[in-house]
Amino acid sequence: MVTKKQNTSIPKTSLQNPKSAPKQFIDRNWKSLKKNDPEVFGAISGEEQRERKGIELIPSENYTYAEVLAANGSIFTNKYSEGYPGKRYYGGQEYTDCIETIAIERAKKVFRCEHANVQALSGSPMNQAVYLAFLKPGDTILGMDLSHGGHLTHGAVVSHMGALFNFVRYKTDPENSGQIDFDALMKTAKRTKPKIVLCGYTSYPRDYRYEDFKRVADAVGAITMADISHIGGLVATGVMSNPFDSGFDIVTTTTHKSLRGPRGALIMCKSQYAGRIDKSVFPGLQGGPHMQTIAAIAVTLGKALQPQFRDYAVQILKNAKVLAETLMKNGAKLITNGTDNHMMVIDTVKSFNLDGKQAEAILDAVSITTNKQIIPDDPNPPLKPSGIRLGTPAATTRGMKEPEMVKIGNWISRTLAGTQDEKLLRATKKEVEKLCLKFPVPGLILS
Ligand SMILES: Cc1ncc(COP(=O)(O)O)c(C=O)c1O
């Protein structure tokens with residue numbers, strides 16, 4: 001059955017006492033898990049300790065808000081709500097309609113877009129839904145090469161999307177600080193006639209020149225799509241440019257990276273594409289949306305509208321600049337020779353004679369978490385690549401600022417240069433963990 005009326009206001013309930021309910025709910029649920037499934041409880045509490053003790057520098061990770069954890073662990077988990085607000089295939093939708101409408105309206109406000117879909121289950125289905133909305137098998141998409149910073153879903157040969165569509169890959173120029181040659185891109189577009197021109201990245205430390213991508217797309221009548229998953233929080237606050245300001249058609253973002261929300265996604269577009277996008281997500285690609293995630297996305301976007309979130313985004317960028325400068329001062333070779341965003345990639349082979357797997361492991365041993373990373377046209381394989389990737393959103397969430405970034409940069413270079421020195425490694429681990437205890441992790445419940 002399809003319900004007709006769209007519910008946009010919060011229905012009244014006598015069941016909740018907003019002052020005491022969340023605390024009781026959290027205590028009761030955690031106590032019950034501890035008692036009835038100590039194995040799972042033990043793993044969660046171990047992860048809490050790990051997150052608290054170490055410095056998290058993986059640029060796609062963050063510490064979410066206590067309120068997001070509450071919404072994401074809420075009883076919306078119980079509910080099936082196939083369809084969209086006001087047009088569902090199950091009954092009992094007054095609260096789901098309400099929460100999804102709040103999330104949609106906040107997304108439109110935060111990203112200044114005409115339409116938002118909040119149902120994609122994560123970043124990969126989010127991009128798949130866009131491709132499947134506009135393309136037929138074999139159609140061409142112009143996307144960034146994986147080793148130059150593009151994501152798997154931007155057409156990597158190992159991905160299903162890479163097999164289904166014809167991805168033509170462009171590269172960056174390492175000799176020119178990682179810039180993109182737009183004259184060459186225009187020629188490629190005219191030759192290959194893409195239906196979508198896609199920009200977006202997972203390991204590219206520069207900003208994009210959206211107006212140049214738009215010019216290329218317009219010349220061949222292609223749709224413009226930006227995947228801002230990594231920089232969602234930076235775009236939301238205006239500290240990095242918004243692709244819609246350059247006339248982009250579609251913008252996708254995950255909600256769990258710099259935006260600090262739950263593991264979810266947003267697909268935003270001009271209203272002329274709203275129907276195609278919504279249909280592509282449901283019923284095209286998915287069944288019931290994860291309403292608990294949508295509730296948590298609504299909370300995240302509410303936070304993103306507050307002025308403190310802009311201060312946070314500004315600090316992420318300041319921290320990244322200082323961390324990059326400190327590393328370069330200590331002799332580290334950074335891909336693109338610096339950063340415009342929250343991340344940086346160190347060529348660990350050239351800088352420290354270590355592959356990325358070795359560098360990641362040695363930093364793990366001193367409680368600094370990074371991830372191994374392929375570098376442009378990497379001669380080494382993905383599980384033993386030539387670099388590591390670092391970023392500042394999570395450390396900034398804990399309140400770390402420029403002085404801490406200098407310390408962290410020095411610890412990283414010292415550790416990677418002194419891998420044989422057991423005493424130094426032990427001392428560094430101690431110093432790292434001592435610093436971390438001064439910067440609490442938000443949202444910790446058990447410890
Ligand atoms: C640019 C970009 N797009 C999409 C994704 C996919 O997101 P998920 O891992 O949630 O599927 C990522 C994840 O790292 C990403 O960096």
Side-chain angles (χ1 to χ4, degrees), residues 56-62 64 68 72 111 117-132 141-156 158-162 165 167 169-170 172 178 180 196-208 210 213 224-236 240 243 248 250-268 281 285-286 289-290 293-294 296-297 300 316 335 339-345 369-374 382 385 387-394:
E56 182 53 72
L57 291 179
I58 294 175
S60 48
E61 295 188 11
N62 212 327
T64 195
V68 163
N72 210 17
F111 289 97
N117 182 301
V118 299
Q119 293 197 3
L121 301 179
S122 204
S124 300
M126 150 195 102
N127 286 340
Q128 287 161 11
V130 177
Y131 305 149
L132 294 165
I141 308 172
L142 210 50
M144 199 184 220
D145 187 89
L146 184 72
S147 79
H148 285 249
H151 185 254
L152 280 172
T153 56
H154 301 168
V158 292
S159 74
H160 291 313
M161 294 299 112
F165 301 115
F167 279 87
R169 299 174 185 90
Y170 56 86
T172 59
I180 290 160
I196 294 180
V197 170
L198 164 64
C199 64
Y201 48 79
T202 202
S203 59
Y204 179 63
R206 294 282 169 216
D207 197 3
Y208 269 150
Y210 297 112
F213 280 103
T224 37
M225 171 180 176
D227 175 356
I228 58 164
S229 288
H230 259 266
I231 54 171
L234 306 170
V235 173
M240 288 189 77
F248 264 56
I250 316 277
V251 177
T252 60
T253 183
T254 54
T255 47
H256 45 277
K257 305 185 203 283
S258 55
L259 208 48
R260 264 197 84 184
R263 310 198 78 81
L266 305 173
I267 304 175
M268 297 164 288
V281 174
L285 193 63
Q286 299 178 183
H290 293 182
T293 307
I294 291 174
I297 289 174
T300 304
I316 289 178
I335 302 300
T339 179
D340 293 334
N341 57 27
H342 62 299
M343 76 165 95
M344 60 218 73
V345 177
T369 314
T370 61
N371 71 275
K372 57 178 115 24
Q373 177 65 47
I374 48 173
I388 55 169
R389 187 180 66 148
L390 331 172
T392 53

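Counting starts at 1 for both ligands and their atoms, in listed order.
Residues Thr293 and Asn72 are in side-chain contact: their nearest non-hydrogen atoms beyond the backbone lie under 4.5 Å apart. In this structure, the side chains of Ile58 and Arg389 come closer than 4.5 Å at one or more pairs of heavy atoms. Residues Phe248 and Ile228 fail the side-chain proximity criterion, which asks for heavy atoms closer than 4.5 Å.
Side-chain polar atoms of Asp227 and His154 form a donor-acceptor pair below 3.5 angstrom.
By the 30° and 60° cut-offs, the orientation of the rings of Phe213 relative to Tyr170 is tilted.
Applying the salt bridge (Lys or Arg N to Asp or Glu O under 4.0 Å) criterion to Asp340, with sequence neighbours excluded, gives Arg206.
The immediate protein surroundings of ligand 1, defined as residues with any heavy atom under 4.0 Å of it, consist of Ser122, Gly123, Ser124, Asn127, His151, Tyr201, Thr202, Asp227, Ser229, His230, Thr254, His256, Lys257.
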